[in-house]
Structures are given as structure tokens and as C-alpha cells.
Amino acid sequence: MTGAIDAATAGRPRIEVYSTLTRSKAPLVTVRPGHVGMYLCGPTVYKPSHIGHMVGPVIFDTIKRHLVFSGWTVTWVVNITDVDDKIIAESVSRGTTMRALAEEMTADYLGNLAALGVDGIDVMPKATEHIDTIIAFIEGLVAKGFAYASDGDVYFDVAKDADYGKLTNRAVDQMQGEGGSTAERKRSTADFALWKAAKPGEPSWESPWGPGRPGWHIECSAMSKAILGEHFDIHGGGLDLVFPHHENELAQSESLHGCPMATFWMHNGLMQAGSAAGKVGGRPRGGEPLDAAADAAAQAASKISKSTGAQPFTELLRRHRPEAIRLLLLSTHYRSPIHFGEEPLAESARALEAFTRVFSRYERIAGRSFHQLPRRDRRAGDLAIGAAGEEATALRARFLAAMDDDFNTAIAVATLFDFVRVVNRHIDAHTLETARSPAALETLDAMLLALRELTGVLGLFLREPRAEEGADGALVARLMELVIEIRARARAAKDFATADLIRDRLGVAGVTLEDGPAGTRWSRT
RNA sequence: GGCGCCGUAGCCAAGUGGCUAAGGCAGCGGAUUGCAAAUCCGCCAUCGUGGGUUCGACUCCCACCGGCGCCUCCA
């Protein structure tokens with residue numbers, strides 16, 4: 001067993017991955033050596049995305065970064081569901097077309113991903129662009145006897161699938177569903193639609209069963225097969241998708257192909273709005289039918305806790321640094337629920353300052369921006385920070401071990417805080433802000449290089465923050481220079497009343513002054 | 001009714017059958033500073049309750065209390 005694993009990982013670090021299917025961790029052994037095929041269920045684009053839609057992408061983006069960093073080639077697919085009952089309903093109420101609405105909401109989604117630094121998605125297939133693939137998939141299931149047509153609909157026949165329910169460990173006869181509004185057309189209430197006949201006025205495509213559109217689960221089965229193959233490595237999504245979405249995808253794909261769909265089924269915890277019970281933007285409890293009234297009730301209910309809950313993500317971005325949001329998402333283990341709200345966000349932003357401070361400290365000392373440092377690859381070998389950097393080297397190892405163990409970003413983040421402390425201690429110990437010590441500087445460079453490497457794995461601090469710009473910015477800088485000089489004279493003359501007055505009044509105006517050994521610095525609050 | 005998760009310091013949050021129970025925020029003491037800020041050093045938890053297994057459990061098992069998710073279209 002160990003030999004096989006070694007052969008499959010071919011010198012790459014051993015990475016343990018938890019799978020919902022087996023409810024345990026196992027070494028990442030891929031279908032194709034050195035290559036990881038990863039599929040994440042993306043959004044149904046009918047409304048602007050909220051924070052909940054960002055959790056999966058940030059987590060899987062981080063997973064991809066770590067895999068690539070560790071020597072794998074990764075193909076990451078995130079689908080866009082652009083045909084669906086909810087999109088149709090929303091487009092009708094807005095007086096627009098399904099297509100136009102879907103495009104608008106897709107753009108919103110992509111903009112939010114970009115803001116959070118999620119840039120590793122390789123393919124974003126849309127359901128409407130794969131209708132032929134989907135129809136072929138359904139035909140295959142019908143031909144094999146796993147699906148049946150009924151009145152223009154096509155349903156998956158759960159009774160034909162011996163291990164249906166294995167992902168969520170449930171038996172068909174224990175399920176409570178009434179089968180919904182289409183119950184009389186199904187053989188079993190647990191059967192689910194692969195193809196839905198179009199009602200008058202609805203968007204539709206021609207098919208062997210008449211005009212209609214794909215059911216909810218089929219597109220992921222069809223598109224993942226088309227792009228990643230019948231058996232790929234990682235299939236991900238939010239925990240709320242485990243049932244029925246992934247259970248049904250798995251049933252469709254494995255019934256048709258006779259092989260595992262994905263080796264690992266990874267599910268991230270859901271967002272919780274502060275102390276409010278239940279998840280954001282979900283359905284009301286009690287299993288009420290999803291009609292307009294219930295939908296309205298759900299909206300009203302989420303409004304009660306709306307402070308940070310289901311508001312559009314773009315709204316959130318206006319008030320918070322994307323970096324703080326990303327750090328917050330990665331501070332918790334990905335399978336745990338995340339408590340979200342203004343308070344946690346503010347705390348995350350405060351914690352972030354430890355990093356930005358050490359970066360500017362480095363810049364002052366080395367005359368080089370942290371963001372200009374090159375990004376390293378893990379396979380380039382272990383980073384030798386040297387004897388003076390023994391602690392840093394150990395922390396780097398701890399970080400990597402945490403990430404190798406089912407992508408434990410919570411521990412990884414913790415080691416980074418330790419890392420920052422080690423860097424500050426090194427700077428203090430060698431008084432690097434005022435003294436020149438080539439050896440100590442060299443160590444500092446190596447430390448920051450490692451910090452650059454590790455923060456990059458988490459997708460943090462990738463870009464230079466926006467600097468003060470334009471003529472005003474230059475003017476402010478000059479004025480501040482002048483004010484600081486005047487204050488320095490007052491301090492030299494022991495006129496502390498004046499010095500403190502300047503500092504206090506600037507503080508009220510939103511400017512912070514800090515007196516250090518190398519002079520006074522200012523920053524905006 | 002079925003499947004499953006969680007309960008760790010004031011708050012957030014990792015983790016382990018025995019080695020100092022990470023880290024962040026807040027707080028306290030100290031170094032530093034004209035005073036601050038920042039930085040550094042130190043302090044701050046026996047792990048929901050009650051049983052059991054074990055040489056030994058916070059970590060495994062059972063019960064209970066409390067919180068939560070899913071059970072057909074919500075990421």
C-alpha cells in the first residue's frame with residue numbers, strides 16, 4: 001500500500017484528504033499521477049452573490065494553491081448553473097430574460113471572486129452551453145435502464161441503483177419526501193428529474209423527449225465528465241449540497257459509467273450569520289413547499305439578522321478589505337461552520353495589521369517591498385533561513401505539515417502569526433531599523449521570502465495594496481512631512497505640549513503618528 | 001422518525017489516549033518610549049454534565065443537557 005502511494009505521488013509530499021464518502025482521511029492518490037482534477041459546484045445565477053457563495057471558492061482556491069505549490073498540476077472546474085426554475089422566476093419578475101439575468105449575476109459573481117483573490121479556476125462551464133452533452137448523458141442512462149421518460153420529463157429510477165444513498169448513508173425507504181408537485185409522474189418519490197418538460201413560455205431545448213430543460217443535478221455529472229473524465233479526483237461543494245445534489249450526481253454518474261465518480265468528496269462548512277440560528281438565505285424550516293409565499297417568508301426571516309447576513313457581497317466589499325474576509329474564512333477549519341458578522345470581520349481586520357505592519361517594517365529596512373519578493377515553489381527545496389532563522393524554518397515546516405493534513409488552514413494561519421513574531425523579534429534583536437548588519441539583513445530577507453511563500457499558499461497579500469495616488473496624495477505626503485518636522489523640532493525643544501497637541505489633533509483627523517527609533521511615521525486610520 | 005455535526009479561556013478558534021491544551025481579539029504586568037503608538041517578554045482554560053473503558057481521557061464508549069445541519073432543487 002505504502003509503496004503504491006509513493007509511486008503515485010512520485011516524490012511529491014504526502015497529502016491527506018478527508019472524504020465525506022468514506023468519512024475518513026486518505027492520502028491523495030490521483031487518477032493520473034501528478035495531476036488533480038477538481039470540480040466545485042458553483043452558483044445558480046439568479047441573485048447577486050452573498051458571502052455564503054464565496055466560502056467554497058476561497059477554500060478550494062486555497063487547496064489548489066497548496067497542491068500546485070506542492071508539485072501537482074491542477075485542473076479546477078467551477079460550473080455556472082444558468083438554467084433553473086429560480087432563474088426563470090426571477091427573470092420573469094424583473095421583466096428580463098433568463099439569459100440576460102444569468103449573465104448579469106455571473107458577472108457579479110466573477111467580480112467578487114476576483115476581489116477575494118480567487119483566480120485559479122481553469123474552466124467555468126455553463127449548463128446552457130452543454131445541453132447536447134447533458135442530453136447524451138440522459139440517453140445513456142435511459143438506454144441502461146436507470147432512467148425513464150414520463151410525460152415529457154425524464155426521471156432517474158432510484159430503485160435501479162443498488163447503492164443509492166451511500167454518500168449520505170441513507171436508505172430510500174427512510175426518506176420523508178412526498179415527491180413534490182411531480183409525484184404522480186414518478187415511480188418513487190425519491191426519483192429525481194434529469195429532464196423537465198417545458199411549460200408554455202419557458203426557455204427550452206429540443207430533446208428526444210420533447211422540448212424541455214435539464215434537471216438540477218445532471219449538468220454537473222455531464223460537464224464534469226466532459227472536462228475531467230468519468231473518474232476524477234476531488235468533487236467539492238458546501239455541506240448543504242451533500243444531499244440531494246451530490247448524492248444524485250454520484251448516482252447518475254456511477255450508474256452510467258460503472259466506476260467511481262470522484263475519489264474524494266470534500267464539503268465545506270456553512271456560513272452562519274452571527275448568533276442567528278440557521279444559515280443565511282436558506283429556506284424556512286418545516287418543509288413548506290417552495291412557493292412564492294414561503295420564499296417571501298424566507299426573505300423576511302433573513303432580514304431580521306440581515307446586518308451582515310445575506311446582503312450582496314459587493315456591499316460587504318465596500319466596507320471591508322477583501323484580505324480580512326479571506327483571512328476570516330481561512331481562520332476556521334474548512335469543514336466547520338463559520339461565524340460571520342461585523343464583529344468577526346473587524347477582529348480579522350485588526351489581526352491583519354500584524355502582517356501589514358511587518359511588511360512596511362521590512363520595506364523601511366530593506367528598501368524593498370514585500371510584494372516584490374519572488375514567489376517560490378515548494379519543490380525548489382527547503383528554504384534555508386540559516387541558524388539565526390531556526391525558528392522560522394521550524395514554523396515553515398509546521399505550516400506545510402498543517403496544509404498537508406487535509407488543508408488545515410486554521411493551524412497554518414496560526415503559524416503565520418508566530419512567524420511574524422519571529423521576524424519582529426529578529427528585527428528588534430539586531431536593531432535593524434537603525435543599524436546595518438549584512439548578516440542579519442540576509443536572514444531577514446530569507447525570513448520574508450518564506451513569509452511571502454507561505455502567505456501566497458493561502459492566497460493572502462498577493463497584490464500590493466493601493467497606494468496614495470494623484471496630486472492630492474503627493475500634496476498630503478509633503479504636508480505630513482512638514483508637520484512631522486515641525487513636531488520634531490518641538491520635541492527636540494522639549495515642548496511636549498505642542499508635540500502632543502499635533503499628534504492628538506491628527507488622530508482626530510484620522511492620521512496616526514508613531515515615533516520610532518528611525519523617526520516618526522504616519523498612517524491613515 | 002432517519003442520517004450527521006458541535007459544546008475547549010471574556011469572545012473567536014485549533015488540537016492530542018500520557019510530553020508546556022496552538023493561534024487571534026480583548027484584558028493585566030513588565031521592557032522600550034518625554035508620554036503614547038508599534039514591537040518584544042510574561043500572565044490569563046483542565047476542555048458541557050454524569051457514568052464507563054483504561055495503568056492513564058479533554059481525546060474512546062454510554063447516557064443526559066444545550067446548540068446546529070440535512071431528509072428533493074440553498075454554496
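Residue numbers begin at 1 in each chain, while the letters A, B, ... track the order of the sequences. All values below were derived from every heavy atom in this structure, side-chain atoms included, with hydrogens, water molecules and symmetry-related copies excluded.
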**Request:** With sequence neighbours left out, write down each residue that passes salt bridge (charged side-chain N to carboxylate O under 4.0 Å, His left out) with A:R503, or none if nothing qualifies.
**Result:**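 In terms of salt bridge (charged side-chain N to carboxylate O under 4.0 Å, His left out), with neighbours along the sequence ignored, A:R503 is linked to A:D500, A:D515.
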**Request:** With sequence neighbours left out, write down each residue that passes salt bridge (charged side-chain N to carboxylate O under 4.0 Å, His left out) with A:E347, or none if nothing qualifies.
**Result:**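 A:E347 satisfies salt bridge (charged side-chain N to carboxylate O under 4.0 Å, His left out) with no other residue.
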**Asked** To the side chain of A:N424, which of B:rC40, B:rA75, B:rG15 is closest?
**Response** B:rC40
With sugar-phosphate meaning primed atoms plus P, OP1 and OP2, does [X] contact a base, only sugar-phosphate, or nothing at under 4.0 Å between heavy atoms?
| X | result |
| --- | --- |
| A:R398 | sugar-phosphate |
| A:G56 | nothing |
| A:K196 | base |
| A:F417 | sugar-phosphate |
| A:L239 | nothing |
| A:L40 | nothing |
| A:T44 | sugar-phosphate |

**Asked** Side chains of A:T62 and A:R326: donor-acceptor distance under 3.5 Å anywhere?
**Response** yes
**Asked** Any side-chain donor paired with an acceptor under 3.5 Å for A:Y155 and A:D157?
**Response** no
**Prompt:** If each of A:V413 and A:W216 is mapped to the nucleotide of RNA chain B with the nearest heavy atom, which maps nearer the 5' terminus, i.e. the 5' end?
**Reply:** A:V413
**Item:** Nearest-nucleotide comparison on RNA chain B, the residue closer to the 5′ end among A:A351 and A:Y334
**Value:** A:Y334
Ionic contact status for [Y] with [X], cut-off 4.0 Å:
| X | Y | result |
| --- | --- | --- |
| A:K196 | A:D85 | yes |
| A:K126 | A:D82 | no |
| A:K64 | A:D122 | yes |

For [N], give the paired nucleotide (Watson-Crick: N1-N3 plus N6-O4 or O6-N4; G-U: N1-O2 and O6-N3; both under 3.5 Å), or none.
| N | answer |
| --- | --- |
| B:rC64 | B:rG48 |
| B:rA21 | none |
| B:rA31 | B:rU39 |
| B:rC3 | B:rG69 |
| B:rA26 | none |
| B:rA75 | none |

Would one find a side-chain N or O of [X] under 4.0 angstrom from OP1 or OP2 of [N]?
| X | N | answer |
| --- | --- | --- |
| A:N169 | B:rG4 | yes |
| A:N408 | B:rG15 | yes |
| A:T415 | B:rG23 | no |

**Message:** I'd like to know if the side chain of A:Y39 reaches the main chain of A:N79, judged simply by a donor and an acceptor atom lying under 3.5 Å from each other, with no hydrogens or angles considered.
**Reply:** no
Pairs: protein N or O with nucleotides 41-46 of chain B N or O, under 3.5 Å:
from, atom 1, to, atom 2, distance (Å)
B:rC41, OP1, A:R425, NE, 2.9
B:rC41, OP1, A:R425, NH2, 2.4

**Prompt:** In chain order, what residues pass the ring-ring contact (aromatic ring centres under 6.0 Å, His included) check against A:F355, with sequence neighbours excluded?
**Reply:**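 Result, ring-ring contact (aromatic ring centres under 6.0 Å, His included) vs A:F355: A:F417, A:F461.
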**Prompt:** Among all residues two or more places apart in sequence or in another chain, which pass the ring-ring contact (aromatic ring centres under 6.0 Å, His included) test with A:H246?
**Reply:** A:H235, A:W265, A:H267
**A:F156 and A:F192 aromatic centres sub-6.0 Å** =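 Yes: the rings meet the under 6.0 Å criterion.
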Could you pull out every donor-acceptor pair under 3.5 Å between side chains of residues 408-416 of chain A and any protein atom, sequence neighbours left out?
from, atom 1, to, atom 2, distance (Å)
A:N408, OD1, A:A410, N, 3.3
A:N408, OD1, A:I411, N, 3.2
A:T409, OG1, A:L330, O, 2.8
A:T415, OG1, A:A412, O, 2.7

**Message:** Per the salt bridge (charged side-chain N to carboxylate O under 4.0 Å, His left out) rule, what does the pair list look like for residues 105-114 of chain A, sequence neighbours excluded?
**Reply:**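 Sorted pair list comes back empty.
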Give each protein N/O atom lying under 3.5 Å from an N/O atom of nucleotides 6-13 of chain B, with the pair distance.
from, atom 1, to, atom 2, distance (Å)
B:rA13, OP1, A:H339, ND1, 2.4

For residues 214-223 of chain A, tabulate all N or O donor-acceptor pairs below 3.5 Å that involve a side-chain atom, not counting sequence neighbours.
from, atom 1, to, atom 2, distance (Å)
A:H217, ND1, A:H245, ND1, 2.9
A:H217, NE2, A:N248, ND2, 3.1
A:E219, OE2, A:T81, OG1, 2.3
A:S221, OG, A:E249, O, 3.2
A:S221, OG, A:Q252, OE1, 2.8
A:S221, OG, A:S253, OG, 3.0

Using nucleotides 18-20 of chain B, report all nitrogen or oxygen pairs with the protein that are shorter than 3.5 Å.
none

**Request:** Apply side-chain hydrogen bond (donor to acceptor under 3.5 Å, both in side chains) to A:R350 and list each qualifying residue two or more places apart in sequence or on a separate chain.
**Result:** none
**Message:** What is the distance, to the nearest angstrom, from the CD1 atom on A:I427 to the P atom on B:rC40?
**Reply:** 10 Å
**Fill in**
With B for base contact, S for sugar-phosphate-only contact and - for none (protein heavy atoms under 4.0 Å), nucleotides 26-34 of chain B reads S-------B
